[in-house]
K.L.:
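Got a structure here, written out as structure tokens. Questions coming.
Chain A is the first sequence line, chain B the second, and so forth, proteins listed ahead of strands; every chain is numbered from 1.
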Amino acid sequence: GENVGLHLPTLSVQEGDNSIINCAYSNSASDYFIWYKQESGKGPQFIIDIRSNMDKRQGQRVTVLLNKTVKHLSLQIAATQPGDSAVYFCAENNNSTLTFGKGTMLLVSP
Amino acid sequence: SAVISQKPSRDICQRGTSLTIQCQVDSQVTMMFWYRQQPGQSLTLIATANQGSEATYESGFVIDKFPISRPNLTFSTLTVSNMSPEDSSIYLCSVEAPARDRGYEQYFGPGTRLTVT
């Protein structure tokens, strides 16, 4: 499939480790943020979202942290698995218009 | 949720020609969008495809280069006109549809990989 992550920052982890992927956003007025996972040859897929009235939200094995002061988001993946290998993007959602961050490729070795 | 298909999945085209990409969704949706993802980069919104009216283009994208059709609530096309190698990208369709437990969500198609030689 297509390698969408050819020039992206890469995070390499061992299976079972926790992963932390960071993202800076640009619009201080944004109030809704989403993390997407994009596997090779596929479109982005929703992972977790957070609104600006929260600073932390947990899902299944994933946690998103929001720091509005410095316009920073992070995605934490617990017990990372080989199936988590993909490119991860944060996005700001403003009135249904998505502005994507640069993306990080996560490589998980067994 | 929404299931989106795109045709073609990939194509190799000669410069100066045009390619029309189709996007079909399995349910009626109000909002449909077209994105471009250049090699090794993030997604950039090209335009919002409006049913019954002209598409709304983002800064840096124009209708003459990327004409869009939206004849109904389940289908849209994006044409990449007078192609040059710089147009080599993945083009993705997305829709906004109801998502369980969180209102609405944007769903993405698998993308169309375009290579211009």
K.L.:
Between B:Y35 and chain A, which part of the residue has a heavy atom less than 4.5 Å away: side chain, backbone, both or neither?
P.N.:
side chain
K.L.:
Please identify each residue that fulfils side-chain hydrogen bond (donor to acceptor under 3.5 Å, both in side chains) with A:N27, with sequence neighbours left out.
P.N.:
none
K.L.:
Could you look at B:L43 and say if it's the side chain, the backbone, both or neither that has a heavy atom under 4.5 Å from chain A?
P.N.:
both
K.L.:
Under a 4.5 Å heavy-atom cut-off, does chain A meet the side chain of B:E96, its backbone, both or neither?
P.N.:
side chain
K.L.:
If you look at every heavy atom in A:N18 and A:A78, which pair is closest and at what distance?
P.N.:
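Closest pair (atom of A:N18, atom of A:A78, distance): OD1-CA, 3.3 Å.
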K.L.:
Would B:F66 and B:F61 count as a ring-ring contact (aromatic ring centres under 6.0 Å, His included) here? Give the steps.
P.N.:
CA-CA 7 Å; B:F66 297 103; B:F61 298 97; 5.7 Å; yes
K.L.:
Listing request: all salt bridge (charged side-chain N to carboxylate O under 4.0 Å, His left out) pairs with a residue in residues 76-95 of chain B, at least two apart in sequence or in separate chains.
P.N.:
B:K65-B:D87
